[in-house]
Amino acid sequence: MSATPGAAPLLIACALGIERLALRTGGDRGGAEGPVTVLRTGMGPLAAERAVGRALAGPALSRAAVLATGFCAGLAPGMHPGDLVVAEETRGPHGTTPCVGTDLLVKELTRALPGRTVHTGPLTGSDHVVRGPERPALLATGAIAVDMESAATLHSAVRAGERPVAAVRVVVDAPEHELVRIGTVRGGISAFRVLRAVLPVFFEWHRSLLLPRR
């Protein structure tokens, strides 16, 4: 399907090169309703905030819907690498950012990836890799997962102008499956394969935003 002329663009933000590789090799861009940009922000909230702010300041992406994605750490017992997290909101030092289209994302991810568990709830931000006793402390706040860029990405996006935002993450690190180093991702674990498979779901989310409201 060709892109709809004049459709608002979609900005998909991730932090790592390995995440961008998964997204670039994971689907046919012809399924998108408008221009799609996959932005590698770099690691950490400051890098994400700056990169997204710069991207949205340009005329090409000034109206873009923004979706933060990549890998995350699960906080709840029983989560496994390859599980999906759809944020109902992101939480960071600047406050809470509500996400749009959560129910649709859950439905489409369940259909696209049968057998994969999809978790929904608050996604909290951190400025470092969370380990050990930090997990239960964050879980006690109600968050189900944590990463370093989503909250900053969505905060920067809505600060630049009103737009739909969402965050979908793939669990790579969980309480019973703690990651020793991020380089382990390069070993081809299930999280990479899952991330490769989600791009069409992001297009469907974006497409739903363009439908007339009743």
Side-chain angles (χ1 to χ4, degrees), residues 3 8-58 60-61 64-74 81-87 90 92 99 105 108-109 112-113 116 123 125-129 145-157 160 163-173 179 181-207:
L10 171 62
L11 176 65
I12 301 172
C14 61
L16 304 175
I18 192 72
E19 294 167 338
R20 185 170 62 177
L21 176 63
L23 293 164
R24 286 187 178 278
T25 59
D28 178 8
R29 297 295 179 88
E33 285 291 329
V36 178
T37 298
V38 178
L39 174 69
R40 179 185 176 185
T41 65
M43 287 185 66
L46 290 178
E49 187 171 351
R50 290 168 181 163
V52 172
R54 285 194 300 267
L56 297 179
L61 293 174
V66 175
L67 193 148
T69 194
F71 305 124
C72 71
D83 285 1
L84 289 141
V85 172
V86 177
T90 57
C99 295
L105 285 166
E108 293 298 328
L109 287 168
L113 292 152
R116 290 289 176 185
L123 175 61
S126 174
D127 61 1
H128 62 279
V129 176
V146 58
D147 75 274
M148 290 193 287
E149 296 84 25
S150 290
T153 292
L154 299 200
H155 170 73
S156 184
R163 72 191 69 246
V165 295
V168 176
R169 290 274 171 172
V170 182
V171 174
V172 72
D173 183 47
L179 192 66
R181 62 186 185 280
I182 195 64
T184 307
V185 175
R186 297 181 183 276
I189 61 174
S190 61
F192 179 85
R193 296 194 297 270
V194 171
L195 189 58
R196 284 192 64 195
V198 299
L199 196 60
V201 173
F202 297 166
F203 294 162
E204 187 61 33
W205 172 80
H206 185 225
R207 186 178 298 113

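All residue numbers in this chain count up from 1 along the given sequence.
For the residue pair Ala166 and Leu154, the shortest heavy atom distance occurs at O-CD2, 3.5 Å. Between Phe192 and Ala22, the closest heavy-atom pair is CE1-CB, 3.5 Å. Among all heavy-atom pairs drawn from Ala112 and Val201, the shortest one is CB-CG2, 3.8 Å. The shortest non-hydrogen separation linking Val52 to Ala13 is CG2-CB, 4.3 Å. Taking each heavy atom of Glu149 and Gly44 in turn, the nearest pair found is OE2-N, 2.7 Å. When all heavy atoms of Leu56 and Leu61 are compared, the closest pair comes out as CD2-O, 3.3 Å.
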Kindly determine whether Trp205 and Val168 satisfy side-chain contact (heavy atoms from CB on, under 4.5 Å), including the steps that lead there. CA-CA 11 Å; Trp205 172 80; Val168 176; over 6 Å; no

Stepwise side-chain contact (heavy atoms from CB on, under 4.5 Å) test for Leu199 and Ile12: CA-CA 9 Å; Leu199 196 60; Ile12 301 172; 3.6 Å; yes

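Contact of the Leu23 side chain with the Phe202 side chain is registered, since non-hydrogen atoms from C-beta on lie closer than 4.5 Å. With a 4.5 Å cut-off on side-chain heavy atoms, Cys72 and Val171 count as touching. Here the side chains of Glu19 and Thr69 are not in contact, with every heavy-atom distance at 4.5 Å or above. Leu84 places a side-chain heavy atom less than 4.5 Å from the side chain of Val198.
The CZ atom of Arg24 sits 14.0 Å away from atom CZ of Arg196, with the distance rounded to the nearest 0.5 Å. Here CG of Leu16 is found 11.5 Å from CG of Leu21. Values are rounded to the nearest 0.5 Å. Glu204 CD to Leu109 CG: the interatomic distance, rounded to the nearest 0.5 Å, is 11.0 Å. Here the CE-CE distance, from Met148 to Met43, works out to 3.0 Å after rounding to the nearest 0.5 Å. Note that the SG atom of Cys99 and the CG atom of Leu123 stand 7.5 Å from one another [nearest 0.5 Å]. Atom CZ of Arg20 is separated from atom CG of Leu195 by 13.0 Å, given to the nearest 0.5 angstrom.
Arg169 contributes no side-chain N or O that, together with a main-chain N or O of Val85, makes up a donor-acceptor pair within less than 3.5 Å. Side-chain atoms of Arg163 never come within 3.5 Å of backbone atoms of Val66 as a donor-acceptor pair (strictly under, hydrogens ignored).
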